[in-house]
Amino acid sequence: MVHRCDPSRRHPLASSTGVRSHTSPKRGLKALAFLAVLGLLAALFAVASPVIGAQSSDTQGPTEPQGFGLTPSTGDTAQHFALNGEDNSLGGATKVASAALAPGAAKSGTNGLLIDANNSQGLVRWGANIVEPGATYASASFWVRIDGAAADESIDLLTIANAENSRNFDFFVTAGAGRFKWDIFREAQSEGRKVVMDRWYFVEVNVSFAGTTHWAQVFIDGEDWGTIESPGAVDSTVGSISLGSAVEKTHTQAYDDVSIHLGQSPQTWTGAGLDTVTLSWL
């Protein structure tokens, strides 16, 4: 993550309120001119502040990746779901609401997945009747673009539920602030940058429901946002995977190159069981 100077912690100029000034008018004008120059320099410095990799300011978000390569996994994965829009299928999804393949939802190729809900459910789900029992780990990668949403509603992007459907992993955009956020059972959570509308983001998620401490790791555009943990859980397995929201909301989002792996062992980013993803900034 990039750490920048917090403007709220800069030392303010001393106030002259309540203090009688003996400065002459000419000196006063010079002082104002000097302060104006300082303000201009400060603004220029903020714009030209160092940037690491392909990232920019928090409000603008990092630069969108352009080049993308995916080498399908040849490792031992218990189950794999894929949705790329090119085979005109929804990857065997068990529930579809306000969602369809559409050319305008494609990051590349012919079609992508468009979810367009108006005060209704909007999702694609792989449920318990297709998810094979026993997988304690899940990994997902996908492109996502937010096109719009109700101002006072969060935007649900991905839910990986456990078999009890009680301590789930949720990845979403917050209402109001409009930031990426993720949690497990609402008690272990983390937050990312402000989301820019109509811009593609590449998201990678690794989730474990094994043991009594569940955890999740998130990458956004190749940047590691760390691992969150939720203690006090029960040893569980993956129950379902959903893109979008089962709650009635108003939101429009597009997905492309969705890949989901389930397994009985940790799914590492470079090891067997996961696709190899290559991002580049042109």
Are a donor atom and an acceptor atom from the side chains of [X] and [Y] found within less than 3.5 Å of each other?
| X | Y | result |
| --- | --- | --- |
| Ser230 | Arg167 | yes |
| Ser139 | Asn206 | yes |
| Asp87 | Ser89 | yes |
| Thr159 | Asn168 | no |
| Thr110 | Glu86 | yes |

Margin query: One pair to check against side-chain contact (heavy atoms from CB on, under 4.5 Å): Trp143 and Val258. What are the steps and the verdict?
Written below: CA-CA 7 Å; Trp143 287 101; Val258 179; over 6 Å; no
Note to self: If we ignore hydrogens and angles and just use 3.5 Å, is the side chain of Glu248 paired with the main-chain N or O of Ser120 as donor and acceptor?
What the structure shows: no
Work out which heavy atom in [X] is nearest to a heavy atom in [Y]; give both atom names and the distance.
| X | Y | answer |
| --- | --- | --- |
| Gly244 | Tyr255 | N-OH, 3.4 Å |
| Ala163 | Ser236 | N-OG, 3.6 Å |
| Ser190 | Ile228 | CB-CG2, 3.8 Å |
| Ala138 | Leu262 | CB-CD2, 3.6 Å |
| Asn111 | Asp256 | O-OD1, 3.7 Å |
| Ile260 | His80 | O-CD2, 3.0 Å |

Margin query: Walk me through whether Glu223 and Phe202 qualify under side-chain contact (heavy atoms from CB on, under 4.5 Å).
Written below: CA-CA 10 Å; Glu223 182 180 7; Phe202 189 72; over 6 Å; no
Next item on the list: List in chain and number order the residues that pass ring pair (Phe, Tyr, Trp, His ring centres under 6.0 Å) with Phe209, two or more places apart in sequence or in another chain; answer none if no residue qualifies.
Entry: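 With sequence neighbours excluded, Phe209 shows a ring pair (Phe, Tyr, Trp, His ring centres under 6.0 Å) to His214, given in chain and number order.
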Determine whether [X] and [Y] make a side-chain contact, defined as any pair of heavy atoms from C-beta on separated by less than 4.5 Å.
| X | Y | result |
| --- | --- | --- |
| Gln253 | Leu157 | yes |
| Asp224 | Gln217 | yes |
| Leu158 | Phe142 | yes |
| Ser98 | Asp116 | no |

Shared hydrophobic cluster, [X] / [Y] (ILVMFWY, side-chain heavy atoms < 4.5 Å):
| X | Y | result |
| --- | --- | --- |
| Ile115 | Met197 | yes |
| Leu114 | Ile155 | no |
| Val238 | Leu123 | no |
| Phe172 | Val203 | no |

Note to self: Tell me if the centroids of the rings in Phe180 and Tyr201 come within less than 6.0 Å of each other.
What the structure shows: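 Centroid distance Phe180-Tyr201: below 6.0 Å, so yes.
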Checklist line | Passing option when Trp182 is tested against Trp215, Phe171, Phe169 for ring-ring contact (aromatic ring centres under 6.0 Å, His included) | finding: Phe171
How many angstroms lie between [atom1] in [X] and [atom2] in [Y], if you round to the nearest 0.5 Å?
| X | Y | atom1 | atom2 | value |
| --- | --- | --- | --- | --- |
| Thr250 | Asn118 | OG1 | CG | 4.5 Å |
| Ile220 | Glu204 | CD1 | CD | 10.5 Å |
| Asp257 | Leu113 | CG | CG | 12.0 Å |

Side chains of residues 124-133: which donor-acceptor pairs under 3.5 Å do they make with residues two or more places apart or in other chains?
residue : atom : partner : partner atom : Å
Arg125  : NE   : Ser242  : OG           : 2.9
Trp126  : NE1  : Gly91   : O            : 2.9

Next item on the list: Hey, could you give me each pair passing side chain to side chain donor-acceptor pair (under 3.5 Å) that has a residue in residues 146-158? Not counting sequence neighbours.
Entry: Arg145-Asp147, Ser154-Lys249, Asp156-Ser245, Asp156-Lys249
